[in-house]
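Heads up: the structure comes next, in structure tokens.
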Amino acid sequence: MNDLQHNAIATWERRWLAVAGLMSLVFVMLIAFSLATEGTHIARRSGRTTPEQLTSHELFANPGVRQLTNRKFQVTLVAQTFNFTPSEITLPVGSDVSFYLTSRDVLHGFQLQGTNINVELIPGEISTINYTFNKIGTYTTVCNEYCGISHQNMLGVVNIVSSSDYGRYVQARDAASLAALQEGALGEAIYTVNCVSCHQANGQGLAGVFPPLAGHTPELLAADRSYLPKVLLYGLQGSINVLGDGYNGAMPAWSQLTNEEIADTLNYILSAWGNDAVSTDFTPYSAEEIAAARDLGLSANDVYDIRKGLALE
Ligand code: CUA
């Protein structure tokens, strides 16, 4: 190599070094800019728990919104396949929120669009993050970790409303929960929060992916009354045939729900979408019946074996 060639190469090397240095500088400036305008919101680990302990955990037994002071709120939220509990959160503008987040089963994400909140939810870990909502609006919560076949339906919402709207919301919510308790509409409310993303609001499921409950659960009830509580308590794993379509998904266990909640949900399913016409002499499930099935210690595979023993069409 002669001197001329050597100098040409050295010149290009200096140019590439300058470009690389400039790019690093731009990145650092962008990070500094977002820190200055948005602040840092990095989740901290605030404790450990196990998924089994969640039903009796002081924070997660009844996840939701708690007002601590005039402006301070605590939001506890549990992620599970495939929803957030609670899935809808309403808060007044200006609220200073401490989120306590965890997962009941697999890795999920908690990303709040329009903010820089993005937390990985790890089973067994409690993550904490603080955020002050200064703008009225609707913020969508998305799960950004692939967690299974219905991952894309794992959405929630945070509504930030004016103080006067919040006052009206709280009044309406309290009135509605009182009315729901009086009318026994708890089952429908639980179905809407937990079951709709797979089995759909009309109970029809998704052909080949999530089995229908409409027109199907009455035959399960008729075949063996003790079967449906086991599906909700322990889940169901195995390939099944429902109303002419094959399914090979996994129904998760819902043992985190109380006995009364499971009974009410089953009673809702068995009387919605024309199911009551199929099971005319239906006696509603009681919390005691669910309690009796709770200590059997079955697995989702055991429930599958029980199902295979049922006399179904
Ligand atoms: Cu949960 Cu994806």
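Counting convention: from 1, in listed order, for ligands and their atoms alike. What you see is a predicted model; the values in this text were computed from it and never measured.
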Residue T81, metal atom 1 (Cu) of ligand 1, N/O/S under 2.8 Å = no
Parallel, tilted or perpendicular, as decided by the 30° and 60° cut-offs, for the rings of Y268 and Y191 | tilted
Quick one: report the N, O or S atom of E145 that is nearest to atom 2 (Cu) of ligand 1.
-> O
Of all N/O/S atoms in H108, which lies nearest to atom 1 (Cu) of ligand 1?
-> ND1
Does some side-chain heavy atom of L77 sit less than 4.5 Å from a side-chain heavy atom of P63?
-> no
Using the ring of each side chain (for Trp, its six-membered ring), is F99 parallel, tilted or perpendicular to F110, with breaks at 30° and 60°?
-> tilted
With atom 2 (Cu) of ligand 1 at the apex, how many degrees lie between SG of C147 and SG of C143, rounded to 10 degrees?
-> 120°
Name of the H151 atom (N/O/S only) found closest to atom 2 (Cu) of ligand 1 = ND1
How close do N2 and Q5 get, heavy atom to heavy atom, and via which atoms?
-> OD1-N, 2.8 Å
Between L257 and N194, is any pair of side-chain heavy atoms under 4.5 Å apart?
-> yes
